[in-house]
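In what follows, chains carry the letters A, B, and so on, assigned in the order in which the sequence lines appear, proteins first and then strands, with residues in each chain numbered from 1.
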Protein chains: 2
Amino acid sequence: MHAYTNSAVSAARAPMAMHLQPVSAAAPRAGADPLERLGTAAKFGRNHTIYFEGDEAGHCYRVKSGTVRLCKVTEDGRRQIAAFLTAGDLFGWTDHGGYGFSAEAVTDVTLEKFSRARIEDAVKAFPALGRHVLALLSTQLASAHGHLLLLGRMTAAERIANFLLELGRRQRNDGAVALAMCRKDIADYLGLTVETVSRTMNALKREGIIAFAEPENVRLKQSAALERLAMAA
Amino acid sequence: MHAYTNSAVSAARAPMAMHLQPVSAAAPRAGADPLERLGTAAKFGRNHTIYFEGDEAGHCYRVKSGTVRLCKVTEDGRRQIAAFLTAGDLFGWTDHGGYGFSAEAVTDVTLEKFSRARIEDAVKAFPALGRHVLALLSTQLASAHGHLLLLGRMTAAERIANFLLELGRRQRNDGAVALAMCRKDIADYLGLTVETVSRTMNALKREGIIAFAEPENVRLKQSAALERLAMAA
DNA sequence: CGCCAGATTGATACACATCAATTCTCGTGG
DNA sequence: CCACGAGAATTGATGTGTATCAATCTGGCG
């Protein structure tokens, strides 16, 4: 079904088959979405890099469909994923020269791409847009702070529980959670190793708290138990 | 539940006089600082709480002097400090009902306090102010992302090295770094224990990379060695 | 002087990493 | 159609970095 041609890391160096198609000025219904008419569409295939940390920050993006990961990689290959982004999330906004992290497509994604220059003008012209972005950023900051607690102070089981509940919340599919990302991605998001992620998830499965046949489709069977594990802050 | 009930955070219970004095509308020179005339002054004594996580977010603040810590505490007393803030830093900005973390005075601090309602009006009236806040938030988000890498993927020595270098950068006092916070605060910021912080710092001292007589005044003797340890991303 | 909180140091425990197979799935070419 | 190979996931055995438990030391202060 999916062509998994390269590992998470090597993907960064893979030749970028990137399709960038300028799009006709979109539907005009102003008010609804202040960003709507400013962007062009862009598509990226699974595991391809949208931009690298440090690249001149010429654009920012909004996810239309699919999942994007934001990550930092150290010289010696350790990787930390700061966030998984889905429809509606904005990324690549920065007030400095370069991007603060790399952005990669976890699944095939469609994005809206906004030129830095144009968006700056637009923010000046339509202050409501600035407030909109402000709200998005402040939400992302809050979520990052939550993630700090997770990485700094939680056990493996607590991290997994929080992760699954968070995904469940975002998908609000009763108890069915689809994992767009592989175990390595989860590990790098939670500050663990693949092995620990696998072991912990299978332990939860053995206890009947979650269930899954294939690795990418998990069912939360006892949300209450998960919540207890996740440790309400 | 916000009562500090255990030793991990006992510092917050220390008896301290808290001074809160509303202040006359300040110096009028507009232009220079878009926030200048909107705030009132507030002072908090060392280790006093400015607000609790979850409190109705009626105000936001800017640090004038001293150091503030932003933290989250779990039910069982584990604490994670998301950031230490110093002069010029803004905090308490949120687009949701309640604050996302508690704010506490590490040292005696003086703050500017902005009412949510007034600042919202001001942002509408002066879009430049909104852009200013946007820039601050985006910087904080970048810094949070850096911290995620530290917490998720770095060793104790790397965390300490990064911490000291970061403080040094902020104080740009050649090699002399003043630690406003105690070892426990450092530990909770770096996702370690007090013992590990102490051991690691004394190891660096033994190796001649840093030096200190009292715990709160460190001298970076071999910045190059520290940088190497800190592992340039 | 004696107390106390903070810092340090030491001994030991453990959660998770690391190293090492094995299994599973799926796409591919003979 | 099936053996083959490759990446992903799982499982097991072992190692280790840091936590935990437990003193001891230090400096400030009533």
Side-chain angles (χ1 to χ4, degrees), chain A residues 1-11 14 46-47 76-80 106-107 150-161 179-188 190-206 210-218 229, chain B residues 4 6-16 46-47 76-80 106-107 150-161 179-188 190-206 210-218 229:
Chain A
M1 182 193 182
H2 308 288
Y4 249 127
T5 49
N6 34 31
S7 78
V9 176
S10 66
R46 164 178 267 236
N47 280 333
D76 58 350
R78 283 175 282 176
R79 185 178 69 154
Q80 178 63 44
V106 173
T107 61
L150 183 144
L151 291 176
R153 290 303 183 208
M154 289 193 188
T155 65
E158 288 168 343
R159 296 182 201 205
I160 295 283
L179 306 182
M181 66 296 289
C182 68
R183 294 289 187 266
K184 182 74 170 71
D185 279 352
I186 298 175
D188 287 344
L190 299 179
L192 301 169
T193 59
V194 200
E195 293 94 329
T196 298
V197 169
S198 180
R199 273 189 253 271
T200 307
M201 290 195 54
N202 284 93
L204 291 176
K205 186 182 184 181
R206 250 172 277 123
I210 64 175
F212 57 93
E214 331 81 63
E216 55 276 356
N217 280 304
V218 177
L229 258 180
Chain B
Y4 285 124
N6 47 36
S7 65
V9 286
S10 64
R13 271 180 294 154
M16 294 290 170
R46 164 177 268 240
N47 280 332
D76 59 348
R78 283 174 282 176
R79 185 177 69 154
Q80 177 64 44
V106 173
T107 60
L150 183 144
L151 292 176
R153 291 303 184 207
M154 289 194 186
T155 65
E158 287 168 344
R159 297 182 201 205
I160 295 283
L179 306 182
M181 65 298 288
C182 67
R183 294 289 186 265
K184 182 73 171 76
D185 279 352
I186 298 175
D188 286 343
L190 299 179
L192 301 168
T193 58
V194 200
E195 294 93 331
T196 299
V197 169
S198 179
R199 272 189 254 270
T200 307
M201 290 195 52
N202 284 92
L204 291 177
K205 187 183 184 180
R206 249 171 279 124
I210 64 175
F212 56 94
E214 331 83 60
E216 54 277 355
N217 280 305
V218 177
L229 258 180

What is the separation between atom [atom1] on [X] and atom [atom2] on [N], rounded to the nearest whole Å?
X       : N       : atom1 : atom2 : value
L179(B) : dA7(C)  : CG    : C1'   : 13 Å
R78(A)  : dG17(D) : CZ    : P     : 13 Å
M201(A) : dC16(C) : CE    : C1'   : 17 Å
F212(B) : dA7(C)  : CZ    : C1'   : 9 Å
E214(B) : dA7(C)  : CD    : C1'   : 13 Å
N217(A) : dT25(C) : CG    : P     : 14 Å
R206(B) : dT9(C)  : CZ    : C1'   : 9 Å
L204(B) : dT9(C)  : CG    : P     : 13 Å

Worksheet item: Which of these nucleotides, dG6(C), dT8(C), dA9(D), is closest to any side-chain atom of C182(B)?
Response: dG6(C)

Discussion item. Suppose we screen for side chain to side chain donor-acceptor pair (under 3.5 Å). Which residues come up paired with T196(B), at least two apart in sequence or across chains?
Written reply: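 So T196(B) forms a side chain to side chain donor-acceptor pair (under 3.5 Å) with T193(B).
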
Practice prompt. Please name all residues satisfying side chain to side chain donor-acceptor pair (under 3.5 Å) with T155(A), sequence neighbours left out, ordered by chain then number.
Written response: E158(A)

Whether [X] side chain and [Y] backbone form a donor-acceptor pair below 3.5 Å:
X       : Y       : answer
R199(B) : V194(B) : no
R159(A) : M154(A) : yes
Q80(A)  : D188(A) : yes

Worksheet entry | pair T200(A)-L192(A): side-chain heavy atoms closer than 4.5 Å | no

Worksheet item: Can you give one letter per nucleotide of nucleotides 18-23 of chain D, going 5' to 3': B for a protein heavy atom under 4.0 Å from the base, S for sugar-phosphate only, - for none?
Response: SSBBB-

Practice prompt. Establish, with yes or no, whether the OP1 or OP2 oxygen of dA7(C) is under 4.0 angstrom from a side-chain nitrogen or oxygen of N202(B).
Written response: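 So the side-chain polar atoms of N202(B) never come under 4.0 Å of the phosphate oxygens OP1 or OP2 of dA7(C).
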
